[in-house]
Amino acid sequence: MSQVRVRFAPSPTGFFHIGSARTALFNWLYARHTGGTFVLRIEDTDKERNSEEFLNVIYDSLRWLGMEWDEGPGKGGDFGPYRQSERDAIYKEYLEKLKAAGRTYEKDGAVYFKLLGERSEVFDEHRKKTVTKVANTPAIIDDQIRGRVERIEDEDFVIVRSDGSPVFHFVNVVDDIAMKITHVIRGEDHLSNTSKHVELFKAFGVPVPKFAHIPLILKQNGPGKMSKRDQGALIEEYQRRGYLPEALVNFLSLLGWNPGDDREKMPIAEIIRLFDLPGVNQSNARFDDKKLAHMNMTYLLELPEEKFLELARVYFEKQNVFTAGWPAETYFREVIALAHPKIKGIEELPAYTKYFFTEDFVIDDKVRAKVLSKGEPKARLAELIELLRTADLSSDLAIEDAIKKLAESKSLGFGDYQAVARLAVSGTNVGPSITGMFRVLGREKVLARLERFGATL
RNA sequence: GCCCCCAUCGUCUAUCGGUUAGGACAGGAGAUUCUCAUUCUUCAAAGCGGGGUUCGAUUCCCCGUGGGGGCACCA
């Protein structure tokens with residue numbers, strides 16, 4: 001195990017979204033790549049905005065995506081507790097160090113961190129008030145992605161609120177020191193905060209960790225970064241919709257990083273092997289749900305049949321598709337197998353397979369008009385009914401053979417029978433092979449539907 | 001307003017000074033398949049502008065412009 005220690009430090013004040021997931025992912029990847037330790041720390045110092053429910057969302061989402069933490073809540077470790085709300089004693093201890101060093105003062109009941117340098121009163125246009133500026137020297141941020149960044153922190157800032165609770169900047173740095181974090185990998189939105197953090201590290205007399213500020217994910221439409229309110233922003237939504245976590249992780253890894261060549265679809269072990277901080281891009285990336293959907297489809301297509309069946313089963317259960325009871329296992333299995341190579345996402349499954357499970361499906365009017373406008377569908381239907389009364393329906397090949405022979409005898413093509421049969425049996429013009437549909441549905445249902453539809457012509 | 005970061009097809013990106021600027025998603029056209037989807041072929045599509053440095057800049061530097069982020073007793 002290497003000395004690298006990284007942490008993901010979410011605040012349970014909202015849902016777990018794409019941006020957080022990618023920050024977690026890059027931390028996790030770096031830990032796995034270096035053989036280091038991935039720490040999960042919960043930043044719940046803002047009592048007003050926290051909830052247990054949000055905490056579980058974080059745990060569930062991380063686990064679903066396959067990012068198990070090495071230290072943290074439920075896992076233990078030598079530097080716990082891992083929830084900031086339980087670390088008051090540690091913050092008090094560190095606050096005393098700062099006080100002893102003469103780097104704090106109180107004002108309006110709050111504790112301020114005192115910067116070093118000459119002070120002057122300046123009117124701040126933005127905040128419309130007079131503030132005290134400090135002629136500080138620039139903080140040097142050694143960023144693994146952006147290189148050397150300098151920024152001057154020129155105002156004292158609050159580290160403990162008047163109600164006694166410590167502020168983010170303070171606890172964040174204290175915990176990174178106490179938990180021996182070596183690399184701080186976080187979103188670029190924190191880059192401007194980093195000068196505060198560097199000042200604190202220096203005030204504590206400890207070495208400043210390496211930083212890596214990763215680019216942000218911009219919302220798909222409109223300006224700005226993606227937030228939890230944006231369409232497609234929540235991890236739990238992908239979970240609910242039956243997306244494959246491997247696909248989501250693969251997609252996320254490619255937002256701001258690449259393996260250095262043309263490869264996109266890669267197993268996680270390969271991503272871990274190739275991932276490194278200097279390879280991360282510096283510019284923000286716009287979220288693209290189409291590309292995610294495509295990535296998901298490629299993963300879905302190569303999923304082993306048993307695995308796909310289980311995902312389908314779970315999805316049908318969650319969506320409560322079968323209100324009147326589950327279909328027979330072998331039947332369900334055959335339907336799902338038929339749909340597997342044809343769909344782009346698990347969420348399409350119920351609609352795609354509906355007519356397999358009920359007689360109560362609608363005939364699409366547009367498709368009906370289109371199919372009935374060509375050839376002699378009524379005659380074809382009658383011939384098909386006649387054929388299927390006795391034909392061998394035990395295999396797709398046998399069915400295809402029978403229909404082809406029939407078509408040949410009338411100097412017609414397979415398509416002349418396919419379209420009208422499909423419409424009668426499924427109500428639409430999209431679906432699995434007609435032979436597969438016949439085989440799985442069985443003679444009785446197929447004939448009944450063909451006859452029922454024929455009666456409307 | 002001040003500070004910080006960034007800049008290649010619509011989008012994600014490759015290129016570590018010399019390339020017909022490549023790939024992927026999305027889009028167009030075609031082929032294959034019983035429909036649809038897949039798959040395959042193919043087309044269209046990019047170096048923000050201006051200055052430098054250099055024999056030569058997408059690549060290095062500067063200035064604009066544009067985009068993003070930050071400037072709380074939120075995290």
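Please read all numbers here as calculations on a predicted model, not as lab measurements. Because only heavy atoms are used, hydrogens play no part in the values below, and waters and symmetry mates are left out as well, while side chains stay in. The chains referred to below are lettered A, B, ... by the order of the sequence lines, with proteins before strands, and numbering in each begins at 1.
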- Query: Is A:S283 touching bases, backbone alone, or none of the nucleic acid, heavy atoms closer than 4.0 Å?
  - Reply: sugar-phosphate
- Query: Heavy atoms under 4.0 Å, any strand shown: does A:P223 hit a base, just sugar-phosphate, or nothing?
  - Reply: sugar-phosphate
- Quick one: label A:A285 by what it contacts on the DNA or RNA (base, sugar-phosphate, nothing), any heavy atom closer than 4.0 Å. sugar-phosphate
- Between A:H294 and A:Y299, does the ring centre distance come in under 6.0 Å? no
- Query: Taking all non-hydrogen atoms of both residues, which atom of A:A212 and which atom of A:Q144 are closest, and how far apart?
  - Reply: CB-CB, 4.2 Å
- Aromatic ring proximity A:W28/A:F8, centre distance under 6.0 Å: no
- Check the distance between B:rC2's C1' and A:F123's CZ and give it to me in whole angstrom. 14 Å
- Measure from the side chain of A:E400, starting at C-beta and using heavy atoms only, and say which of B:rA37, B:rC4, B:rC34 lies closest. B:rC34
- Message: Under 4.0 Å from OP1 or OP2 of B:rG27: is there any side-chain N or O of A:K290 that close?
- Response: no
- Task: Check whether the side chain of A:K291 and the base of B:rA24 form a donor-acceptor pair under 3.5 Å.
- Result: yes
- Query: Can a cation-pi geometry be assigned to A:R22 and A:F26, taking NZ or CZ under 6.0 Å from the six-membered ring centre and within 45° of the ring axis?
  - Reply: yes
- Message: Using OP1 and OP2 only, check whether a side-chain N or O of A:N258 sits under 4.0 Å from B:rC12.
- Response: no
- Between the side-chain atoms of A:S192 and the base atoms of B:rC5, is any donor-acceptor pair under 3.5 Å? no
- Message: Under 4.0 Å, heavy atoms only, any strand: does A:E155 hit a base, just the sugar-phosphate, or nothing?
- Response: nothing
- Can you check the A:Q282 CD to B:rC12 P distance for me, whole Å? 15 Å
- Query: Hey, does A:R422 reach any base, or is it just sugar-phosphate, or nothing, if we go heavy atoms under 4.0 Å?
  - Reply: base
- Scan every strand shown for a Watson-Crick or G-U wobble partner of B:rG1, both distances under 3.5 Å, and answer none if you come up empty. B:rC71
- Task: Scan A:G413 against the nucleic acid and name what it touches under 4.0 Å (heavy atoms): base, sugar-phosphate only, or nothing.
- Result: nothing
- Contact nearer the 5' end of RNA chain B, comparing A:Q84 with A:G436: A:G436
- Quick note, A:Y352 side chain, CB onward, closest among B:rC36, B:rC5, B:rA75 is B:rC36
- Message: Students often mix this up, so state it plainly: with edges at 30° and 60°, are the rings of A:Y30 and A:H183 parallel, tilted or perpendicular?
- Response: tilted
- Message: Quick check: any donor-acceptor pair below 3.5 Å linking the side-chain of A:D288 to the base of B:rA26?
- Response: no
- The Watson-Crick or G-U wobble partner of B:rU32, with both key distances under 3.5 Å, is none
- Task: Using the C1' atoms only, state how far B:rU20 lies from B:rU58, rounded to an integer number of Å.
- Result: 16 Å
- Task: For A:E153 and B:rA72, give me the distance from atom CD to atom C1', rounded to whole Å.
- Result: 13 Å
- Can you tell me the distance, in whole Å, between the CZ atom of A:R286 and the C1' atom of B:rA24? 18 Å
- Whom does B:rU11 pair with, Watson-Crick or G-U wobble, provided both distances fall under 3.5 Å? B:rA24
- If you measure from the P atom in B:rC73 to the same atom in B:rU15, how many Å do you get, rounded? 43 Å
- Message: Side chain of A:D262, heavy atoms from C-beta onward: which of B:rA75, B:rG23, B:rC34 has the nearest atom to it?
- Response: B:rG23
- Tell me the partner of B:rC48, counting only Watson-Crick (N1-N3 plus N6-O4 or O6-N4) or G-U wobble (N1-O2 and O6-N3) with both under 3.5 Å; none if nothing fits. B:rG64
- Message: For A:F113 and A:F170, I'd like to know if the aromatic rings sit close, meaning centre-to-centre distance below 6.0 Å.
- Response: no
- Looking at every strand, decide which applies to A:K342 at a 4.0 Å heavy-atom threshold: base, sugar-phosphate, or nothing. base
- Message: Taking any heavy-atom pair under 4.0 Å as a contact, classify A:T428: base, sugar-phosphate, or nothing.
- Response: nothing
- Item | Pairwise C1' distance, B:rC9 and B:rA45 [rounded to whole Å] | 5 Å
- Interatomic distance, A:K196 NZ vs B:rC71 C1' [rounded to whole Å]: 7 Å
- Item | Sugar-phosphate, base or nothing in reach of A:N193, heavy atoms under 4.0 Å | base
- Query: Which whole number of Å gives the distance between the P atom of B:rU39 and that of B:rA26?
  - Reply: 9 Å
- Item | Residue that, paired with A:Y59, satisfies ring pair (Phe, Tyr, Trp, His ring centres under 6.0 Å) out of A:W69, A:Y82, A:F16 | A:W69
- So is A:K291 actually on top of A:F251's ring, under 6.0 Å and inside 45° of the axis? no
- Across the strands shown, which category fits A:H213 at heavy-atom distances under 4.0 angstrom: base, sugar-phosphate, nothing? nothing
- Query: Does A:E264 get its side chain close enough to the base of B:rG23, under 3.5 Å, for a donor-acceptor pair?
  - Reply: yes
- Calculate the interatomic distance between A:N281 atom CG and B:rU8 atom P; express it in whole Å. 10 Å
- Item | Pairing nucleotide - B:rU59, Watson-Crick or G-U, each distance under 3.5 Å | none
- Can you check the A:N284 CG to B:rG66 P distance for me, whole Å? 17 Å
- A:K107 charged N/C atom sitting above A:Y112 aromatic ring, 6.0 Å / 45°: yes
- From B:rU35, B:rU38, B:rA75, pick the nucleotide closest to the side chain of A:M297? B:rU38
- Item | Rounded distance in Å between the C1' positions of B:rC48 and B:rG10 | 16 Å
- Does the side chain of A:N429 come within less than 4.5 Å of A:L423's, by heavy atoms? no
- A:V160 or A:R146, whichever maps to the more 5' nucleotide of RNA chain B: A:R146
- Query: Checking all strands, does A:D261 fall into the base, sugar-phosphate, or nothing category for heavy-atom contacts under 4.0 angstrom?
  - Reply: nothing
- Message: Suppose you measure atom P in B:rC71 against the same atom in B:rC61; what distance do you get, rounded to whole Å?
- Response: 29 Å
- Item | Interatomic distance where CZ belongs to A:F414 and P belongs to B:rU32 [whole Å] | 17 Å
- Task: Sticking with atom C1', work out how far B:rG23 lies from B:rC62, rounded to a whole angstrom.
- Result: 33 Å
- Query: At under 4.0 Å between heavy atoms, what does A:G109 touch on the DNA or RNA strands: base, sugar-phosphate, or nothing?
  - Reply: nothing
- Item | Assigned partner base of B:rU53, Watson-Crick or wobble definition, under 3.5 Å | none
- Which whole number of Å gives the distance between the P atom of B:rA24 and that of B:rU42? 11 Å
- Task: Ignoring the backbone of A:H169, work out which of B:rC73, B:rC12, B:rA75 is nearest its side chain.
- Result: B:rA75
- Message: Base, sugar-phosphate or nothing for A:L216? Non-hydrogen atoms, less than 4.0 Å.
- Response: sugar-phosphate
- Query: Within the structure shown, what part of the strands sits under 4.0 Å from A:G431 by heavy-atom distance: base, sugar-phosphate, or nothing?
  - Reply: base
